[in-house]
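Numbering of ligands and ligand atoms starts at 1, following listing order. What you see is a predicted model; the values in this text were computed from it and never measured. In this chain, residues are counted from 1 in sequence order.
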Amino acid sequence: MYDENNIFAKILRKEIPCNIVYEDDTSLFFYDINPLFKIHVLGIPKIACKDYSDFIEKSDPSLRSQFFENIKIVLDKLDISKSGFRLVSNSGTDGGQEVPHFHVHILGGEKISAIK
Ligand code: AMP
């Protein structure tokens, strides 16, 4: 079940402020409050979905494609399309997800070591 009181739900309802990078009708992209890299942006769709599987089950194809197209808009705004970046989504307990609203982390601005 989706927790309406999770932090990102509150951000979407404008109950908590955030530093917006990009927003449209479908999704919101904002700076992580505790950045792990020089650039650390979070992207969330504007539907109640707790993780990746929930997002796929509850979204229609146009929302899904718009969300991923918006990631490209954000990459260009951040000017990291060419220099490179890491796109991460932690999902569920084993994935280490802390905030139960589906989100992607856009990481960059510096060299990130390989996952091994
Ligand atoms: P995850 O572990 O994938 O669920 O990541 C949750 C992320 O949300 C962490 O990187 C937190 O630093 C970030 N975070 C938590 N609260 C806020 C907030 N109010 N504004 C921006 N980022 C936040």
Taking the minimum heavy-atom distance to atom 3 (O) of ligand 1, which of His103, Lys10, Gln97 ranks first? His103
NZ/NE/NH1/NH2 to OD/OE distance under 4.0 Å, Arg13 and Glu4: yes
Please check this pair: side chain of Glu15 against backbone of Lys10, looking for a donor-acceptor N/O pair closer than 3.5 Å. no
Which ligand 1 atoms, with their elements, are less than 4.0 angstrom from a heavy-atom of Asn90? 1 (P), 2 (O), 3 (O)
Nearest non-hydrogen protein atom to atom 21 (C) of ligand 1, with distance, is Ile33 N, 3.3 Å
Atom indices of ligand 1 within 4.0 angstrom of Asn34 heavy atoms, with elements: 12 (O)
Counting non-hydrogen protein atoms only, what is the nearest one to atom 8 (O) of ligand 1? Give residue, atom name and distance. Phe8 CZ, 3.3 Å
Are Phe29 and Phe67 an aromatic pair, judged by ring center distance below 6.0 Å? yes
Which protein heavy atom lies closest to atom 19 (N) of ligand 1, and at what distance to 0.1 Å? Ile7 CG2, 3.6 Å
Contact region, Tyr31 to ligand 1, non-hydrogen atoms below 4.0 Å, reads backbone
Would you mind checking which non-hydrogen protein atom is closest to atom 7 (C) of ligand 1, with the distance to 0.1 Å? Asp32 OD2, 3.5 Å
Suppose I only count heavy atoms of Glu98 and a 4.0 Å limit; which atoms of ligand 1 are within that range? 1 (P), 2 (O), 4 (O)
Where the side chain of Asn6 meets the backbone of Asp3, is there a donor-acceptor pair that is under 3.5 Å apart? yes
Examine the proximity of ligand 1 to Leu36 and report which part, side chain or backbone, both or neither, has a heavy atom under 4.0 Å away. neither
Give a yes or no on whether the backbone of Lys46 and the side-chain of His101 come within a donor-acceptor separation of less than 3.5 Å. no
Look at the side chain of Arg86 and the backbone N and O of Ile106, then say whether any donor-acceptor pair between them is shorter than 3.5 Å. no
Let me confirm one number: the CD1-CG distance from Ile44 to Leu12, rounded to the nearest 0.5 Å. 3.5 Å
Against heavy atoms of Leu42, which atoms of ligand 1 measure under 4.0 Å? 8 (O), 13 (C), 22 (N)
Please report the interatomic distance NE2(His40) to CG(Leu107), rounded to the nearest 0.5 Å. 5.0 Å
Ligand-residue contact atoms, ligand 1 with Gly96, heavy atoms, under 4.0 Å: 2 (O)
Quick one: does Val99 get an N or O within less than 3.5 Å of an N or O on ligand 1? yes
Strictly distance-based, threshold 3.5 Å: is any side-chain N or O of Asp24 a donor or acceptor partner for the main-chain N or O of Ser27? yes
